[in-house]
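Notes follow the structure.
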Amino acid sequence: MRLKKHGIITSAARATVRELVALGVPVKKVNRVLAVLARLTGVTVIGSIDGRSVRRIVLEGGIAARIQLVEEIRDADGITLSGDGTSHRKINYHARHAYLNKVDGTHTRRFLSVNTEANHTSETQLAGWKDIVTDLYDTYNASPRGQLTPADPRNFTAKMRGFNTDHAEDQKKTFRLMEQWKEEQDREVRGQRAMADLTSDELLYVLAEETAAVAMNLGGIQVWETLSPEVRAEHHDAIIRATRRKLGEAAFAALSDMEKRHASLFVHSFCCMHKDLNAFKGGNKEMTTYWNDAGVTPPVLLMNRDNDAAARAAPASSAGNRAKEISIGGAAKLVELSGAVLNHKDDKKGHHDSYRWFFEFVLGFLVRFPDTSNVRFGSLGDAASELLVRHPLYIEYLEHSRDRKVTARFNHLESNVYKGLKDRPTITELCAFALYSQAISHPYLRKVRGPGSTTLNHLNLGPFHVHVCEHIQRIIDQPTLLLGPEASYELGALDGQPWERPEAITAVHRLRPLLPHLEPVMVRFFRGALKTKVRFTREFAPGGTISTLSVVEKEEAWARPTNDDNEGALGRLRVSKRAAPSQTLASHNAQEQYKFNDTQVFIDTLSPQEHRFIMERARLEDASGSEKAHRVAQIKADRIASAAKRDRTAAQKAKKDDKQQKLRRLTCIKTSADVTPSMTNPVLDLHLDWHRTFVDSVTGAQASRVPMKSAAKLKDQKIVVLKEAVDRYNELSPELLEAVARKIRGVEDEQESECEADWYCESDGDELED
């Protein structure tokens, strides 16, 4: 088998190289793998392929994929775009996909790219989409096919029908910007057609009219005549664009309502995985309010090491009180800490194999704790089920791990997990987690991402989400569906199918006699989940865009129920970065495009001339230095952002310092009788700020602090609050009065400042080393 013909690697060899790289063979080992395969098949390989050639061959696959994609977009009835972002090694990355939809029910997934972005703003994301479109159509139009039949990049926005993202606010804004971009491109195309239909005299009249208007805005025809040719050319281009837009608006206005709807159709759909994630968070938030409302003992606080030390050292101090206020407990905290101990995302931290081997010894098989450390979808509910099903064994394991240490003591993180597993209110919340996970989350996820979900249209899921909300309400009204002795999956599970983990339901029923608050806690969780679920399914509301779509429109704007395509692309990027740290992003994208877009089938249809074009283009792109250009652009953007932030910080500090000086010069009110209705609101606010700044920060008593401004908006309220503050100030001890005086003079208590720096840490600083 000859790898080269006349010194050029053959098309068959190139296809083989791309397939091997797509299967995960490292670039440097492709030649060796070819040799091994040849020996196995008894074929003699003549020639070799070096690493640089392999990299260029991979790039060729990406270039072919771009040409392929432009042709497929041309043939599609509509396209649905999707995207998602993450950060890796402090750099923002954004993954993008497209589904090419046809009204006959064919929906083809196409990977577009994973690109770096200077930041995660909506404007930057829109610019990323525009760059992708420009790259696609520039490549196509430079190819032999594009030279024969050029493609208009505005066809891309014309075919845009759907946009699938998560529920973040920046994605909603990005959708609005994309919608605006689509409209601008549509009007430009219509305006260009309208200009082409005008006679020469009509066109000259329209342009003259627009030019006169611009000249008048500049100050008259005399000013226009004094402009340099360059400036006049810029205005001329603006005049052409404005004319095109004006004619385009007129052409659009002349369309029928149905034609306008079709031209403007652009539907925003939201990932169902995020709907479930947010519903779970909403349930937990509502559930945690139960303990205080009911006046019963809440879950034990699982404080981090520093906050725990602060609370123990000085429980009645401001630092101790603050440490308790910012600490939390409950099921969410327990499963998070359990994941950090048993299955930490950093392989060098946590118990990992020690835990797994212990459970294998006891159970006879290996187990893996749900990946709460990486916050996997559904991991909190699964972790709660796991802790409940094997509750005694987890306690035994922690004791076993403790007793085999030299010190025979838990570290702080292990101590928190052990404490949570022994706490009944925390176990009660774990049961609520497990019940929701088994009754709602798992059946819901089976629907939106289980077998057969790849053909499911998100736009048809409105009735399903109504059913979800109705079922949650049914459980709220009848808790016995899950907690009664006759509870079953037929009535309790969302889909009426067997429980994902029946042992979890059994464990909850076993523990129920020990948990007197289980039913109200569970109901509170389901109620919070329902409120959130309703809020996050508004896109299906009656009268909304989705509810009014026709069958054909739903096919054109077809979207997957989840955003798994982009989540997976970002995950593969992380894996690729670990396996091949020096691989360029262009090479990674070319490899992914070739692999997921069936590009080899397209390559097989190319002519020799088109093959030569792709090879030449790959050489140019390989030598273009685009990767370095991206890195330089990133640092330039970072430097601009840093400078802007420094300016904002300096301005804020100056404003704060000015206010501090103004407060220090203020003569405080001596008695509450001096607070009169004749005082204006600004004066009242100034005196209240004086008490907030110099008195409340010293006393630290939460119950007797001046409330926030939002709690006392009216003048009468401000007067009452200020009188109370003056009375409290007059009742301070001499020691506190001296502390207030030091505060006014700007002398900080060093010990207290140090405590704040050390103890007011909200994140867990616990180490996992023995």
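Along the sequence shown, residues are numbered consecutively beginning with 1. Computation of the quantities below employed the complete heavy-atom set of this structure, encompassing side-chain atoms and omitting hydrogens, waters and symmetry-equivalent molecules.
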Contact check, side chains of [X] and [Y], non-hydrogen atoms, under 4.5 Å:
X	Y	value
Asn292	Pro298	no
Ile475	Pro479	no
His262	Arg161	yes
Phe280	Ile440	no
Leu482	Met522	yes
Phe156	Met160	yes
Thr108	Lys102	no
Leu100	Asp77	no

For [X], does the [atom1] atom sit with more than 12 other heavy atoms under 6.0 Å from it, leaving out its own atoms?
X	atom1	result
Arg356	CZ	yes
Lys285	NZ	no
Arg510	CZ	yes
Lys345	NZ	no
Lys419	NZ	yes

Quiz prompt | Worked verdict on Leu585 versus Leu573 for side chain to side chain contact (heavy atoms under 4.5 Å, CB included) | solution = CA-CA 9 Å; Leu585 201 54; Leu573 174 71; 3.9 Å; yes

Exercise. Kindly indicate, with the supporting measurements, whether the criterion side-chain hydrogen bond (donor to acceptor under 3.5 Å, both in side chains) is fulfilled by His268 and Asn164.
Key: CA-CA 6 Å; His268 197 183; Asn164 189 10; over 6 Å; no

Within the distance-only criterion (no hydrogens, no angle test), does the side chain of [X] pair as donor or acceptor with the backbone N or O of [Y] below 3.5 angstrom?
X	Y	answer
Thr649	Lys645	yes
Asn304	Asn307	yes
Lys182	Thr157	yes
Ser453	Gly450	yes
Thr372	Val335	yes

Practice problem: If the plane angle is over 60° it's perpendicular, under 30° parallel, otherwise tilted; pick one for Tyr355 and Tyr397. | Solution: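 Tyr355 and Tyr397: perpendicular rings.
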
Exercise. Would you check, one step at a time, whether the test salt bridge (charged side-chain N to carboxylate O under 4.0 Å, His left out) holds for Glu179 with Arg176?
Key: CA-CA 5 Å; Glu179 192 173 35; Arg176 293 193 295 271; over 6 Å; no

Self-check item: Within residues 479-491 or reaching into it, pairs that qualify as side chain to side chain donor-acceptor pair (under 3.5 Å) - sequence neighbours excluded
Solution: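 Listed once each, the pairs are Ser488-Glu490.
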
Can a donor-acceptor pair be found between the side chains of [X] and [Y] at a distance below 3.5 Å?
X	Y	result
Asp276	Ser441	yes
Ser82	Asn566	yes
Asn343	His351	no
Glu553	Trp558	no
Tyr444	His465	yes
Ser113	Asn589	no
His107	Asn101	yes

Nearest heavy-atom pair of [X] and [Y]: which atoms, and what distance?
X	Y	answer
His442	Asp382	NE2-OD1, 2.7 Å
Cys431	Leu511	SG-CD1, 4.4 Å
Ala434	Ser385	CB-OG, 3.6 Å
Gln438	Ile505	CB-CD1, 3.9 Å
Thr297	Pro425	O-CG, 3.7 Å
Ala569	Phe111	CB-CE1, 4.0 Å

Practice problem: Would you please indicate if the ring centroids of Tyr418 and Tyr394 are separated by under 6.0 Å? | Solution: no

Quiz item: When the aromatic ring centroids of Tyr290 and Phe525 are compared, is their separation below 6.0 Å?
Solution: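 No: the rings miss the under 6.0 Å criterion.
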
Exercise. Sequence neighbours left out, what passes side-chain contact (heavy atoms from CB on, under 4.5 Å) with Ile91? Give chain and number order.
Key: Tyr93, Thr116, Gln634

Side-chain polar contacts of residues 530-541 - donor-acceptor pairs under 3.5 angstrom, sequence neighbours left out - could you list them?
| residue | atom | partner | partner atom | Å |
| --- | --- | --- | --- | --- |
| Thr532 | OG1 | Gly528 | O | 2.9 |
| Thr537 | OG1 | Lys533 | O | 2.8 |
| Thr537 | OG1 | Val534 | O | 3.3 |
| Glu539 | OE1 | Lys275 | NZ | 3.0 |
| Glu539 | OE2 | Phe270 | N | 3.4 |
| Glu539 | OE2 | Lys275 | NZ | 2.7 |
| Glu539 | OE2 | His458 | NE2 | 3.1 |

Exercise. In sequence, state the C-alpha distance, the side-chain angles, and the governing distance for Arg512 and Glu519, and then conclude on side chain to side chain contact (heavy atoms under 4.5 Å, CB included).
Key: CA-CA 9 Å; Arg512 192 187 177 192; Glu519 181 174 318; 3.4 Å; yes

Pairs satisfying salt bridge (charged side-chain N to carboxylate O under 4.0 Å, His left out), at least one member in [range], at least two apart:
range	value
residues 560-576	Arg109-Asp565, Arg449-Asp564, Arg560-Asp565, Arg572-Glu592
residues 472-484	none
residues 433-446	Arg446-Asp495, Arg446-Glu500

Exercise. Kindly indicate, with the supporting measurements, whether the criterion salt bridge (charged side-chain N to carboxylate O under 4.0 Å, His left out) is fulfilled by Glu386 and Arg390.
Key: CA-CA 6 Å; Glu386 173 66 17; Arg390 302 190 175 114; 2.9 Å; yes

Quiz item: Could you walk me through whether Asp293 and Arg524 pass the salt bridge (charged side-chain N to carboxylate O under 4.0 Å, His left out) check?
Solution: CA-CA 11 Å; Asp293 293 347; Arg524 190 69 70 97; 3.0 Å; yes

Quiz prompt | Electrostatic pair Lys159-Glu556, nearest N-O below 4.0 angstrom | solution = no

Self-check item: Residue pair Arg96, Gln125: steps toward the side chain to side chain contact (heavy atoms under 4.5 Å, CB included) verdict
Solution: CA-CA 10 Å; Arg96 293 176 171 87; Gln125 293 177 49; 4.3 Å; yes

Practice problem: Report the C-alpha separation of Thr288 and Glu429 in whole Å, then their side-chain angles, then the decisive distance to 0.1 Å, and conclude whether the side chain to side chain contact (heavy atoms under 4.5 Å, CB included) test is met. | Solution: CA-CA 9 Å; Thr288 56; Glu429 290 192 358; 4.3 Å; yes

